[in-house]
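Everything below concerns the one structure shown next.
Along the sequence shown, residues are numbered consecutively beginning with 1. Fair warning: this is a prediction, and the values are worked out from it, not measured in the lab. Computation of the quantities below employed the complete heavy-atom set of this structure, encompassing side-chain atoms and omitting hydrogens, waters and symmetry-equivalent molecules.
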Amino acid sequence: MDDLTTTTGIVALAAGGVAVVALLFVIVLAFKLRRLRQSQRAVLGPNGSQRDLVDHANRIEQGFTDLRELVDDTMSSLETTLASVHSRLDSCVAYQGLVRYDAYNELSGQQSSSLALLDSHRTGVVMTSIVHRDQARIYLKRVTEGQAEIELSPEEQEAMSMALRQPTEQHAA
């Protein structure tokens, strides 16, 4: 015990304390290194392959670049397709108006009718069917941008007005 009170003993005790602290520090670092290696295995794979992180990061970046190019190409294709669909939809029937009436002022149950069918440019046809007891007649009149090429009857004009009164927000794409 007397040896511990001398200078040599005190230095030995201090060295032992430093050694214990160093041992604890090494144990903590070993656990941290173990966690780091587990994380690396999760990123690089369990095979313990010799890939390095820079190579792995480059492959991930290339994958994202390829994916971005694919998304850009797909978006471009979709925009082209959508533009084509919009132009085709503009020529579909967007507005319609139907008026039923008795053409000869008979009590026949409003068998005659005028139907206006127009696209988003207000171009189309007005079709009229006039029904009588022993005959029926069908008339078609072309409409371009809301104007009929041939003068419309009052019923045909009413069908056109009915069609053109429809709200445009239903037909906007």
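Atom CG of residue Asp55 and atom CD1 of residue Ile60 lie 10.0 Å apart, to the nearest 0.5 angstrom. Distance CD/Glu151 to CD/Glu156: 10.0 Å, rounded to 0.5 Å. For the atom pair Glu61 CD and Asp66 CG, the distance stands at 10.5 Å (nearest 0.5 Å). Taking CD of Glu158 as the start and CZ of Arg165 as the end, the distance is 7.5 Å to the nearest 0.5 Å. Note that OH of Tyr101 and OG1 of Thr128 are 5.0 Å apart. Values are rounded to the nearest 0.5 Å. To the nearest 0.5 angstrom, Leu118 atom CG is 11.5 Å from Glu145 atom CD.
Between the Thr144 side chain and the Gln147 main chain, no donor and acceptor come within less than 3.5 Å of each other. Here the side chain of Thr81 pairs a donor or acceptor atom with the backbone of Ser77 at under 3.5 angstrom. In this structure, Asp102 contributes its side chain and Gln110 its backbone to a donor-acceptor pair below 3.5 Å. Using a distance-only test at 3.5 Å, with no hydrogens or angles considered, no donor-acceptor pair links the side chain of Ser84 to the main chain of Thr80.
Listed by chain and number, the residues in a side-chain contact (heavy atoms from CB on, under 4.5 Å) with Leu140 are Met127 (sequence neighbours excluded). For Asp90, the side-chain hydrogen bond (donor to acceptor under 3.5 Å, both in side chains) criterion is met by Ser120, not counting sequence neighbours.
Linking Ile, Leu, Val, Met, Phe, Trp and Tyr residues whenever their side-chain heavy atoms come within less than 4.5 Å leaves Leu33 and Leu24 in two separate clusters. Transitive grouping of hydrophobic side chains (ILVMFWY, heavy atoms separated by less than 4.5 Å) keeps Val125 and Ile150 in distinct clusters.
A donor and an acceptor atom, one from each side chain of Ser114 and Tyr139, are nowhere located under 3.5 Å apart.
Looking only at side-chain heavy atoms (C-beta outward), Val143 and Val126 come within less than 4.5 Å of each other. Leu78 places a side-chain heavy atom less than 4.5 Å from the side chain of Thr74.
Of the candidates Arg68, Glu69, Met75, Arg68 is the only one forming a side-chain contact (heavy atoms from CB on, under 4.5 Å) with Asp72.
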From CA spacing to verdict: side-chain contact (heavy atoms from CB on, under 4.5 Å), Leu152, Met160:
CA-CA 9 Å; Leu152 299 177; Met160 272 273 294; 3.7 Å; yes
Trace of the side-chain contact (heavy atoms from CB on, under 4.5 Å) decision for Lys32 with Leu36
CA-CA 6 Å; Lys32 287 187 176 187; Leu36 178 66; over 6 Å; no
Gln62 and Phe64: CA distance, side-chain angles, deciding distance, side-chain contact (heavy atoms from CB on, under 4.5 Å) verdict
CA-CA 5 Å; Gln62 183 61 43; Phe64 276 113; over 6 Å; no
Please walk me through it: do Leu89 and Cys92 pass side-chain contact (heavy atoms from CB on, under 4.5 Å)?
CA-CA 5 Å; Leu89 280 176; Cys92 292; 4.3 Å; yes
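The minimum heavy-atom distance between Ala163 and Gly97, with the atom names listed, is CB-N, 3.6 Å.
When the shell of 6.0 Å around CD of Gln38 is examined, it contains more than 12 heavy atoms from other residues, nucleotides or ligands.
Ion pair Glu149/Lys141 not flagged as a salt bridge, since none of the NZ, NE, NH1 or NH2 atoms sits closer than 4.0 Å to an Asp/Glu carboxylate oxygen.
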